[in-house]
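A short write-up of the structure that comes next.
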Amino acid sequence: ACLWACCLFLLTNSKTSSRNYKNWMANVLRINAPMIFFYDTKSIQQEVERIRVGYPTKFFELKISEFSIENIYKPQWVHSLHIPSQELGKVWLEKIFMLERSEKLNPFHTEWFVWMDCGNAYYRTLKMPALQWPNPNILDKMPKNKILHTTSDELDANTHTFAGTAFGMHKSIVSTVFRQTVIDCSTVSKVGNHIMEGFECGSDQYIFSIMKEKNPSGFHQIGPKDKNGYGTLIPLLEFSKFDRIPSTTMSLTSLTNPNIFLSKYAVITMVSSDDYVKGANTLYYSLVAHWDTSLLKETSFVALVVDSHRNDYIYSQLQGWSIVPVPLITPPYDGAVTFYRFKEQFTKLHVWNMTAFGRILYLDSDTLCLRDPTLILKNSNHSFGAVLDWERGAIRDHFNMGVFSIEPRNEEFKRLDALRVSERGYRMDMAEQGLLNCVYQNHSMIDLYPFTYNGNLAAAVQNRTFWETNYPRLRFLHYTLIKPFHPSTRSQCDNNNESCLKTMKLWDDWFACVPE
């Protein structure tokens with residue numbers, strides 16, 4: 001995980017107007033990452049709170065008179081064009097001090113710390129990417145002992161080769177970089193072509209360029225020169241395309257043999273038709289992006305494919321999942337389930353028999369992972385857990401089977417499969433959901449997870465106030481009424497419903513990251 005540090009202070013003389021900053025912030029501060037924001041007036045905090053709704057943010061009040069740089073700042077470090085006021089220069093030089101405070105506070109327990117100017121030139125008009133930043137697959141490849149940065153648009157060794165708009169570093173070196181910055185700001189010296197007497201010393205970009213010249217091995221420039229510039233660290237570390245992860249194949253018998261144990265956890269989905277391949281692939285990469293990295297090696301990702309649906313397209317196009325062909329588990333009699341999408345849903349019962357896993361999280365392939373969901377696997381109190389369903393404008397007393405967690409048990413599988421046929425007191429039209437709500441109707445004996453673990457899209461259509469309140473905390477978004485990967489249902493999205501449209505755009509953004 002990565003923490004952003006950002007700030008805004010009311011200055012009497014800056015390089016642009018406060019109106020411009022407010023306009024730019026509306027885009028820049030919508031980055032999907034935790035942030036600590038430094039400010040000096042309540043009105044700024046309120047404005048940022050409005051922009052950052054739905055994103056984890058901590059605020060730190062700080063007056064310019066309280067800046068650490070006050071003790072070493074020199075009044076001659078100003079320039080009518082480049083550094084028009086001492087206040088502005090002090091804000092620039094205070095960045096590393098604020099980053100160091102952020103690392104000490106570390107309110108979100110992150111590994112990486114990144115500074116970003118709230119007037120980031122790259123995103124003044126462009127919208128921030130909707131996906132969580134940064135891409136962990138890219139960040140994991142970054143050196144932890146170097147400052148990550150980009151260069152300015154036009155390289156000039158006599159000014160600076162470091163773009164201060166956005167730069168970052170691992171927590172292990174923040175204090176070291178901080179101390180070196182203080183030394184270089186405090187010492188008037190000549191390094192190469194740089195003479196630290198002029199106004200340039202009032203620019204953080206110049207100070208970091210001095211440090212880079214003295215210790216080039218301590219810096220890592222991200223991306224090629226032709227893709228560098230002010231603020232481009234963000235797009236260079238964001239999601240573009242994942243590396244394609246091919247699917248594998250497993251047998252059902254290997255998962256149901258009580259003498260075989262494969263992994264502590266498993267995520268299982270079901271692909272019931274070619275249409276759902278896109279959904280399953282998008283779900284897989286969203287899971288990998290948000291999954292607790294310490295648990296990835298302990299987690300298997302399994303896709304059930306009904307024997308009758310096995311075809312070259314599914315086997316060649318599914319990515320990441322271990323494909324397990326399974327026999328269809330039918331409704332108890334012909335006509336018991338009439339809705340075509342529900343007729344194969346009893347097949348989910350197979351997961352109770354997969355004792356090769358310690359704990360299973362089942363997800364319909366029309367779900368999307370938005371945040372780390374592993375807490376419900378690590379902290380289960382009962383053998384079964386689910387989320388109460390949303391229906392007809394409200395949360396109901398029955399649970400939805402699009403997201404559930406179980407401890408697999410062979411005897412429980414046999415019991416449920418027998419009840420599927422013998423029990424007559426459940427809503428058969430709701431297939432396995434009807435059966436399991438009947439079997440597990442004593443809610444005191446199951447784990448009931450909050451709505452955020454199964455964010456039913458029906459709520460966005462039926463109660464936008466409820467939806468907008470819960471949307472920022474969703475861990476899973478469940479596309480129940482409208483399938484973004486299915487044109488015939490997607491067309492039902494109301495173009496006047498911003499909540500619904502936003503969920504479609506979110507799925508599109510994730511799908512765009514799936515390798516072809």
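By convention here, the first residue in the shown sequence is residue 1.
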Chi angles and distances behind the side-chain contact (heavy atoms from CB on, under 4.5 Å) call for V114, F167: CA-CA 6 Å; V114 176; F167 59 91; over 6 Å; no

Side-chain donor-acceptor pair present, Y453, R475, cut-off under 3.5 Å: yes

CD/E498: more than 12 non-hydrogen atoms of other groups inside 6.0 Å: no

Nearest-0.5 Å distance that lies between atom CD in Q46 and atom CD1 in I51: 12.5 Å

Candidate pair C7 and C118, rule side-chain contact (heavy atoms from CB on, under 4.5 Å), full reasoning: CA-CA 7 Å; C7 76; C118 65; over 6 Å; no

Sub-4.5 Å side-chain heavy-atom contact between D389 and N456: yes

Worked verdict on Q462 versus W390 for side-chain hydrogen bond (donor to acceptor under 3.5 Å, both in side chains): CA-CA 10 Å; Q462 298 168 4; W390 178 279; 2.7 Å; yes

Exercise: do Y73 and N71 side chains pair donor with acceptor under 3.5 Å: no

Spacing of CG belonging to L481 relative to SG belonging to C493, to within rounding of 0.5 Å: 10.5 Å

Side-chain donor-acceptor pair present, Q45, Y39, cut-off under 3.5 Å: yes

Heavy atoms of other groups near D140 CG, more than 12 under 6.0 Å: yes

Close side-chain approach of Y265 to L361, heavy-atom, < 4.5 Å: no

Distance (rounded to the nearest 0.5 Å) between M116 CE and L99 CG: 12.5 Å

Intermediate values then yes/no, side-chain hydrogen bond (donor to acceptor under 3.5 Å, both in side chains), W291 and T299: CA-CA 10 Å; W291 206 254; T299 307; 3.1 Å; yes

Residues N215 and S217: side-chain donor-acceptor under 3.5 angstrom: yes

Side-chain touch L233/L236, heavy atoms, less than 4.5 angstrom: no

Near-ring test Y479/F485, centroid separation under 6.0 angstrom: no

W510 vs L506 side-chain heavy atoms within contact, under 4.5 Å: yes

Contact summary for G229 and T150, nearest pair of heavy atoms: O-OG1, 3.0 Å

Side-chain donor-acceptor pair present, N135, W133, cut-off under 3.5 Å: no

Separation of I83 CD1 from S14 OG (nearest 0.5 Å): 11.5 Å

Residues H290 and D372: side-chain donor-acceptor under 3.5 angstrom: no

Short side-chain to backbone donor-acceptor contact, R244 and E516, under 3.5 Å: yes

Stepwise side-chain contact (heavy atoms from CB on, under 4.5 Å) test for T57 and I36: CA-CA 6 Å; T57 310; I36 185 166; over 6 Å; no

Backbone of A460 reached by a side-chain donor or acceptor of N497 within 3.5 Å: yes

Validation row, ring centre F404 to ring centre F399 under 6.0 Å: no

D366 with K278: basic N within carboxylate O range, under 4.0 Å: no

D364 and K483: CA distance, side-chain angles, deciding distance, salt bridge (Lys or Arg N to Asp or Glu O under 4.0 Å) verdict: CA-CA 12 Å; D364 278 351; K483 314 299 178 190; over 6 Å; no

Note: K63-D40 ion pair, threshold 4.0 Å (strictly below): no

Minimum heavy-atom distance T282-F511, with the two atoms named: OG1-CD1, 3.4 Å

K378 atom NZ: more than 12 heavy-atom contacts under 6.0 Å: yes

Under 3.5 Å side-chain donor-acceptor pair for N120 and T165: no

Side-chain touch M35/P56, heavy atoms, less than 4.5 angstrom: no

Side-chain donor/acceptor of T151 to backbone N/O of T161, under 3.5 Å: no

Closest approach of L318 to A280 (non-hydrogen atoms, all atoms of both residues): CD2-CB, 3.8 Å

Side-chain heavy-atom pair C369, L363 within 4.5 angstrom cut-off: no

Stepwise salt bridge (Lys or Arg N to Asp or Glu O under 4.0 Å) test for D204 and K95: CA-CA 8 Å; D204 61 304; K95 289 178 187 179; 3.1 Å; yes

Test ring-ring contact (aromatic ring centres under 6.0 Å, His included) applied to F38 and F60, F97, F67, the passing residue: F60

Residue pair V461, W467: steps toward the side-chain contact (heavy atoms from CB on, under 4.5 Å) verdict: CA-CA 9 Å; V461 176; W467 178 262; over 6 Å; no

Spacing of L283 atom CG and T367 atom OG1 [to the nearest 0.5 Å]: 4.0 Å

Side-chain H-bond candidate by donor/acceptor type, S102 with N106, under 3.5 Å: no

Lys/Arg-Asp/Glu bridge criterion (N-O < 4.0 Å) met for E47, K22: no

Donor-acceptor under 3.5 Å (R371 side chain, P472 main chain): yes

Residue pair Q86 / W77, side-chain heavy-atom distance below 4.5 Å: no

Side-chain donor/acceptor of T489 to backbone N/O of I482, under 3.5 Å: no

Flag if over 12 foreign heavy atoms under 6.0 Å of NZ, K264: no

Over 12 non-hydrogen atoms of neighbours within 6.0 angstrom of OH in Y122: no

Donor-acceptor side-chain pairing of N454 and H478 below 3.5 angstrom: yes

Distance-only donor-acceptor check, side chains S488 and H486, under 3.5 Å: yes

Contact summary for N400 and Q433, nearest pair of heavy atoms: CA-OE1, 3.4 Å

Pair T269, W321: side-chain N/O donor-acceptor within cut-off below 3.5 Å: no

From CD (E94) to CG (L62), nearest 0.5 Å: 6.0 Å

Presence of salt bridge, E468 and K502, under 4.0 angstrom: yes

Minimum-distance pair of heavy atoms, taken over all atoms of V53 and R30: O-NH1, 3.2 Å

K212 NZ/CZ over F162 ring centroid, <6.0 Å and within 45° of normal: no

Exam field: side chain N463 to backbone F466, donor-acceptor pair closer than 3.5 Å: yes

Any donor-acceptor N or O pair under 3.5 Å, side chains H170, E111: yes

